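What follows is one structure encoded as structure tokens, with my remarks underneath.
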Amino acid sequence: MTQMNYTARPKQTRVAIIANGKYQSKRVASKIFSALKHDRNFYLSKENPDIIISIGGDGMLLSAFHMYEKALDRVRFVGIHTGHLGFYTDYRDFEVDTFLKNLRADQGEKISYPLLRMTVTMADGRVVTARALNEASLRRLEKTMVADVSINGTFLERFRGDGITVSTPTGSTAYNKSIGGAVLHPTVEAFQMTEIASLNNRVYRTLGSSAIIPKGEKVTIEPKRVGSYSVSFDNKSYNYRNVAKMEFSLDDKKISFLSTPHHTGFWERVKDAFIGEVEV
């Protein structure tokens with residue numbers, strides 16, 4: 001769907017509508033566009049928005065986040081889900097009218113969650129930095145990964161296994177949970193390191209459980225073998241030769257979501273996603 005631009009008026013809220021390619025997402029996007037294009041309080045544009053409406057699922061919101069991560073100081077996100085329940089979405093596709101009502105009543109309130117900062121240093125000195133909303137991981141492609149793990153400069157372990165993932169509180173319910181990590185409430189100022197298929201026997205030992213690292217501390221992973229490594233963050237993945245080290249910490253920026261009466265509580269999302277209705 002092509003988003004037209006109109007001349008902005010003073011005090012108008014600039015809104016960007018971002019949708020995936022599914023029919024239902026396009027239908028929802030069209031309905032919202034039609035409702036807002038003649039509303040004098042809103043200006044529809046993907047350039048310099050104040051509010052970003054993500055339509056699709058959690059993957060779409062991750063993409064929207066990375067599109068606008070340089071504007072985190074002033075933008076707020078809101079998600080509309082067109083599939084199953086998502087952790088980053090407050091509205092379903094049949095709740096567009098409720099969403100529009102709450103959007104028009106918006107007073108600028110927000111709910112903010114921590115982000116992850118990662119730095120990858122190559123053996124040749126090149127440095128790559130990135131933010132993650134969910135998680136970042138390091139894996140060796142050819143063989144078992146062997147890496148020294150330190151927290152705030154204190155050596156913790158020599159890891160052997162498939163890899164290590166580091167997640168934000170909001171990302172704790174994603175891949176981190178599937179490999180045995182803990183679930184953290186998204187307002188907790190911390191991040192989590194979880195091992196991926198670590199080797200633990202009478203010869204090799206690792207912590208064997210996830211570790212919760214507080215704000216202000218840093219995790220450093222230093223691979224000990226030359227080879228190809230997969231570095232991933234959120235829905236992006238890259239292959240690098242000879243990674244010297246990878247560092248993780250909480251970022252100094254946060255992601256902010258629209259705070260509305262419809263905002264779903266975190267534990268309610270956890271229950272709906274993993275437990276559902278049970279008889280007691």
Side-chain angles (χ1 to χ4, degrees), residues 58-70 72 114-172 174-181 190-200 204 206-208 210-213 215-253 255:
D58 286 347
M60 188 66 249
L61 198 139
L62 286 173
S63 297
F65 160 72
H66 286 291
M67 288 174 63
Y68 291 99
E69 65 175 291
K70 293 183 179 179
L72 293 175
L115 298 170
L116 188 68
R117 163 70 65 172
M118 73 171 200
T119 302
V120 186
T121 303
M122 312 300 174
D124 61 6
R126 287 181 299 137
V127 176
V128 176
T129 61
R131 287 191 182 100
L133 173 55
N134 260 5
E135 68 215 358
S137 299
L138 177 66
R139 298 177 177 84
R140 191 180 181 204
L141 295 177
E142 303 103 332
K143 300 178 181 179
T144 298
M145 187 174 91
V146 179
D148 286 348
V149 179
S150 301
I151 300 178
N152 252 24
T154 299
F155 176 76
L156 177 67
E157 65 181 18
R158 174 155 290 186
F159 170 85
R160 289 175 173 84
D162 286 355
I164 294 175
T165 188
V166 179
S167 65
T168 65
T170 45
S172 69
Y175 182 57
N176 168 76
K177 183 180 181 299
S178 72
I179 56 175
F191 60 103
Q192 183 171 181
M193 178 183 70
T194 306
E195 300 170 354
I196 307 171
S198 59
L199 295 178
N200 278 284
Y204 303 127
T206 67
L207 183 62
S210 62
I212 311 299
I213 296 94
K215 180 180 179 180
E217 297 198 356
K218 179 173 66 176
V219 168
T220 302
I221 302 173
E222 298 179 86
K224 307 312 291 183
R225 292 178 179 173
V226 173
S228 296
Y229 290 84
S230 172
V231 173
S232 62
F233 58 100
D234 290 340
N235 51 4
K236 302 175 184 293
S237 184
Y238 303 92
N239 294 336
Y240 296 111
R241 292 287 300 177
N242 302 330
V243 173
K245 66 178 178 179
M246 196 166 175
E247 298 170 293
F248 304 89
S249 61
L250 281 189
D251 195 69
D252 57 352
K253 305 288 186 184
I255 184 172

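The basis for the numbers below is simple: all heavy atoms, side chains too, and nothing from hydrogens, waters or symmetry mates. Keep in mind that what you see is a predicted model, and the values were worked out from it rather than measured.
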Problem - Trace of the side-chain contact (heavy atoms from CB on, under 4.5 Å) decision for Asn242 with Asp124 - result: CA-CA 8 Å; Asn242 302 330; Asp124 61 6; over 6 Å; no
Practice task
Report the C-alpha distance between Thr194 and Val166 in whole Å, list the side-chain angles of each, state the deciding distance to 0.1 Å, and finish with yes or no for side-chain contact (heavy atoms from CB on, under 4.5 Å).
Solution key: CA-CA 6 Å; Thr194 306; Val166 179; over 6 Å; no
Practice task
Salt-bridge test for Glu69 and Arg131: reply yes if a basic N is under 4.0 Å from a carboxylate O, no otherwise.
Solution key: yes
Completion exercise
The reported gap from CG in Asn152 to CD in Glu217 (rounded to nearest 0.5 angstrom) is 4.0 Å
Practice task
Please check if atom NZ in Lys224 has more than 12 non-hydrogen atoms from other residues, nucleotides or ligands closer than 6.0 Å.
Solution key: yes
Practice task
Check whether any side-chain heavy atom of Asp162 lies under 4.5 Å from a side-chain heavy atom of Arg139, and answer yes or no.
Solution key: no
Handout entry: Whether Glu157 side chain and Leu207 backbone form a donor-acceptor pair below 3.5 Å
Key = yes
Problem - Asp234/Lys236 ion pair, N-O < 4.0 Å - result: no
Completion exercise
Gly161 and Thr144 have their tightest heavy-atom pair at N-CG2, 3.4 Å
Exercise for the section: Could you grab the distance from atom NZ of Lys245 to atom OG of Ser150, nearest 0.5 Å is fine? Expected result: 10.0 Å
Fill in the blank from the handout: The reported gap from CD1 in Ile151 to OG1 in Thr220 (rounded to nearest 0.5 angstrom) is 9.5 Å
Practice task
Find out whether His66 and Phe233 are in side-chain contact, i.e. whether some heavy atom of one side chain is under 4.5 Å from a heavy atom of the other.
Solution key: yes
Exercise for the section: Check whether the side chains of Ser63 and Asn235 place a donor and an acceptor atom closer than 3.5 Å, and report yes or no. Expected result: yes
Handout entry: Residues Phe65, Ile255; criterion side-chain contact (heavy atoms from CB on, under 4.5 Å); working and verdict
Key = CA-CA 8 Å; Phe65 160 72; Ile255 184 172; 3.8 Å; yes
Handout entry: Side-chain H-bond candidate by donor/acceptor type, Asn239 with Ser228, under 3.5 Å
Key = no
Problem - Thr165 side chain near Tyr175 side chain, heavy-atom distance below 4.5 Å - result: yes
Problem - Distance (rounded to the nearest 0.5 Å) between Ser167 OG and Met193 CE - result: 11.0 Å
Handout entry: Close side-chain approach of Tyr229 to Met145, heavy-atom, < 4.5 Å
Key = yes
Handout entry: Worked verdict on Tyr238 versus Val128 for side-chain contact (heavy atoms from CB on, under 4.5 Å)
Key = CA-CA 11 Å; Tyr238 303 92; Val128 176; over 6 Å; no
Practice task
Could you pull out all residues at least two apart from Arg158 that satisfy salt bridge (charged side-chain N to carboxylate O under 4.0 Å, His left out)?
Solution key: Asp148
Problem - Residue pair Ser249 / Arg117, side-chain donor-acceptor N/O under 3.5 Å - result: no
Completion exercise
Value for CZ (Arg160) from CZ (Arg225), rounded to nearest 0.5 Å, stands at 6.5 Å
Problem - Student check: side-chain heavy atoms of Met118 and Val231 closer than 4.5 Å - result: yes
Fill in the blank from the handout: Nearest heavy-atom approach of Glu195 to Gly208 is OE1-N, 3.3 Å
Exercise for the section: Hey, could you give me the OG1/CG distance between Thr206 and Leu199, rounded to the nearest 0.5 Å? Expected result: 8.0 Å
Exercise for the section: Before accepting this row, confirm whether a basic side-chain N of the pair Arg140/Glu142 lies closer than 4.0 Å to the acidic partner's carboxylate O. Expected result: yes
Problem - Sub-4.5 Å side-chain heavy-atom contact between Gln192 and Ile213 - result: no
Exercise for the section: Inspect the surroundings of OH in Tyr240 and state if more than 12 heavy atoms from other residues, nucleotides or ligands are less than 6.0 Å away. Expected result: yes
Practice task
Decide yes or no for Asp251 and Leu116: does some side-chain heavy atom of the first lie under 4.5 Å from some side-chain heavy atom of the second?
Solution key: no
Practice task
Please confirm whether the backbone N or O of Asn134 pairs with a side-chain atom of Thr168, one donor and one acceptor, at under 3.5 Å?
Solution key: yes
Handout entry: Between Asn200 and Ser198: side-chain donor-acceptor atoms closer than 3.5 Å
Key = yes
Exercise for the section: State, yes or no, whether a side-chain contact exists between Ile164 and Ile196 at a heavy-atom distance under 4.5 Å. Expected result: no
Problem - Residues Ser237 and Ser232: side-chain donor-acceptor under 3.5 angstrom - result: no
